[in-house]
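These notes concern the structure reproduced below.
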Amino acid sequence: MEPCCVTPLVHVLCHQKCCDWRLRRGCMRLWCVVWIVLLVITIMGWAPVLGNQNNKKALPEEQFPGGLDLWYGIQWWGRGDVLHPVVNSTTGLGQGPSPFFDPTKPTVIYCHGWQNGGVGSSGLERLTSHDGIHMADSWIDQGWNVGTFYWTQFADEPNVEVAEAKIWETCLEDRVCYPNHAMSWRGKDGKSHPWSGGLPISAGQIFYDSVVASLATAKPESGFKLRLVGHSLIGGMVMAAGFKLAAAADKGEIPAFLKPDRIAMLDPNWSPANEEAVFTRMYEISHFHNVTVEVTRASSFSAPARYGNQLKNLGNYTCAFSWVDPLYVDPIDIEWLTGPAGGLKHMAARTSYFLSIDRNNPNRPSGPSARTPNDVLKQVTISGQYWKQTKGMSTETVLDDEYEKLAWATSEPITGASIEEWSTGLILLNVAAWGLTAYWSFWGCYHGAVFAQALSRSTAKNAGEFSDDSTERSDEDDE
């Protein structure tokens, strides 16, 4: 018996020198179908990336205000995707008063997540949706100050766990606190630089200091209130800094109006090393400091996909939870096969929240939205229920979104592919799809060459036979 290769990766033992042509044809058709399916899935995973309009790079004066090599702090948004950096008159950092902050308006401060490549390639994260909507505009039009806390140069790390460790700190009995990782930062030159200029502080403490310094003139009697919104890795950041603000305000260490009125964690991510720190603060800030907490889950990048049992057990006590499903950037909806679209689902958690401030949002009275009253969210927190999206997943707008309430006690724990499974699926899918593409390209070229060679031989043979026939006919004519 001789092995006969009928398809890639498959060998069949045959009694004949060549396998049965029907078996070969069937196997080739099967692998062709598999190849087409994998290629379609791969293309569908990449296609939404090509249509993503949230890709504007920061201007130098936005990323490095005043020409500083290291800048961090708050920038205030103006309409039309305009950023106004806070520039402290002494340090030049984004910690201090600004003419673009109105002390009489409610204020939302957003904080971005992990920023690998943020200094050199992608720039400052902007509040722009996948379809190109400047999401701060709607909030500004409705009378809000909208700011972003930027710590991009600290978050620009190849290892996400290193960036996360910079958020947290360890405090000694004398209340001296040290960051859980060296506070290195990425400079304009693309190189990592060590912290200098005194005792290093964590990113969570930097966020705290930026809020206290930049909102010191706020007037709560005229309408000011503070909301913190964190995405991805910074679900932990807003909880770390928000808890510190709430505790300090309740102790009288800072003005009471600097205690957050509400904290939103959008598709938050934290590692097992910080699980206890996050859940403890979520519970205490909700029950002991009376801060409204809301959490969303949109993709496999979120920690709730890994901590379904904990959320199920704590769902009655910690937060108003909603499960959103932005299929408009991921039509495949198989988390370990989504490819790059999985990252867009992760970013879409911001879009779902910031667009939900729309006055016409049908969910504003009693569903999950940025406009939903705090007392409604708190009632859901203690009701033993959470929201899950049922309609409107195929569009970016929130105006067609519908949700149902599910009971934590009778529902399965929140699950989903882990980021490791997503990464593995992305690698295997692309290797298989493009590997088969290379194989079929080689197969086509090879058999095309064989066919061309056979055709050439057949043509030459026919030409020779025609020549012989002509000679014979000529000889007959001579006779």
Side-chain angles (χ1 to χ4, degrees), residues 53-54 76-84 100-110 126-148 218-231 260-267 291-296 298 319-329 347-381 386-405:
Q53 298 183 52
N54 179 26
W76 298 108
W77 288 95
R79 294 196 86 265
D81 198 35
V82 176
L83 277 172
H84 302 289
F100 300 101
F101 168 70
D102 187 334
T104 67
K105 292 181 177 180
T107 300
V108 58
I109 297 180
Y110 168 77
R126 313 190 81 82
L127 287 178
T128 305
S129 75
H130 180 269
D131 291 350
I133 297 174
H134 302 315
M135 298 185 291
D137 289 358
S138 182
W139 291 69
I140 294 170
D141 291 344
Q142 295 180 54
W144 286 74
N145 296 310
V146 182
T148 294
K219 299 177 180 179
E221 69 280 2
S222 300
F224 172 84
K225 58 182 177 180
L226 175 61
R227 184 180 304 191
L228 302 180
V229 179
H231 174 248
D261 171 67
R262 187 159 157 177
I263 293 177
M265 303 165 69
L266 312 179
D267 216 31
V291 176
T292 302
V293 179
E294 49 189 331
V295 178
T296 66
C319 64
F321 184 86
S322 57
W323 188 342
V324 299
D325 196 5
L327 296 183
Y328 65 92
V329 292
M347 297 302 292
R350 306 179 322 146
T351 303
S352 297
Y353 188 79
F354 277 97
L355 294 186
S356 70
I357 197 67
D358 194 312
R359 291 187 179 94
N360 298 316
N361 186 347
N363 296 294
R364 68 188 186 282
S366 57
S369 80
R371 292 190 68 89
T372 305
N374 284 2
D375 58 349
V376 173
L377 296 178
K378 289 180 178 178
Q379 183 59 41
V380 172
T381 299
Y386 67 95
W387 287 292
K388 185 174 182 180
Q389 189 173 3
T390 57
K391 292 184 179 180
M393 291 90 80
S394 299
T395 61
E396 184 177 84
T397 178
V398 299
L399 301 183
D400 58 358
D401 290 354
E402 293 184 16
Y403 293 82
E404 64 177 350
K405 276 186 180 180

Closest heavy-atom contact between [X] and [Y]?
X    : Y    : value
I140 : R79  : CD1-N, 3.8 Å
A348 : Y328 : CB-OH, 3.5 Å
P368 : S322 : CB-CB, 3.8 Å
F354 : W139 : O-NE1, 2.9 Å
Q389 : V324 : OE1-CA, 3.5 Å
E396 : D131 : OE2-N, 3.0 Å

Task: Pairing residues for T397 by the side chain to side chain contact (heavy atoms under 4.5 Å, CB included) criterion, not counting sequence neighbours - done: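 For T397 the side chain to side chain contact (heavy atoms under 4.5 Å, CB included) partners, ignoring immediate neighbours, are T395, L399, D400.
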[X] side chain to [Y] main-chain N or O, any donor-acceptor pair under 3.5 Å?
X    : Y    : result
N145 : F101 : no
N363 : D401 : yes
S352 : A349 : no
T390 : K388 : no
S356 : A370 : yes
D137 : G80  : yes
T381 : A320 : yes

Open item on the list: A quick test of your reading: do over 12 heavy atoms of other residues, nucleotides or ligands sit less than 6.0 Å from NZ of K391?
Closed with: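 No, because the 6.0 Å sphere around NZ of K391 holds 12 heavy atoms or fewer from other groups.
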Open item on the list: Using a 6.0 Å cut-off, check whether atom NZ of K378 has over 12 heavy atoms from anything other than its own residue.
Closed with: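 Check passes, neighbour count above 12.
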Task: Residues H134, R126; criterion side chain to side chain contact (heavy atoms under 4.5 Å, CB included); working and verdict - done: CA-CA 9 Å; H134 302 315; R126 313 190 81 82; over 6 Å; no
TODO: Take R350 and V229, measure what side chain to side chain contact (heavy atoms under 4.5 Å, CB included) needs, and give me the verdict at the end.
DONE: CA-CA 9 Å; R350 306 179 322 146; V229 179; over 6 Å; no
TODO: Take Y110 and V146 through the side chain to side chain contact (heavy atoms under 4.5 Å, CB included) test and state the conclusion after the steps.
DONE: CA-CA 8 Å; Y110 168 77; V146 182; over 6 Å; no
Open item on the list: My understanding is that only residues two or more places apart in sequence, or in another chain, count here; which of them pass side chain to side chain donor-acceptor pair (under 3.5 Å) with W77?
Closed with: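 By the side chain to side chain donor-acceptor pair (under 3.5 Å) rule, W77 matches T148.
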Task: The single option from K225, R262, E294 passing side-chain hydrogen bond (donor to acceptor under 3.5 Å, both in side chains) against N374 - done: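 The passing option is R262.
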Open item on the list: Can you confirm whether or not the ring centre of W323 sits under 6.0 Å from the ring centre of Y386?
Closed with: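 That pair fails the under 6.0 Å test.
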- [ ] Calculate, to the nearest 0.5 Å, the distance between atoms CZ and CD1 belonging to R364 and I357 respectively.
- [x]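 Separation between the atoms: 11.0 Å.
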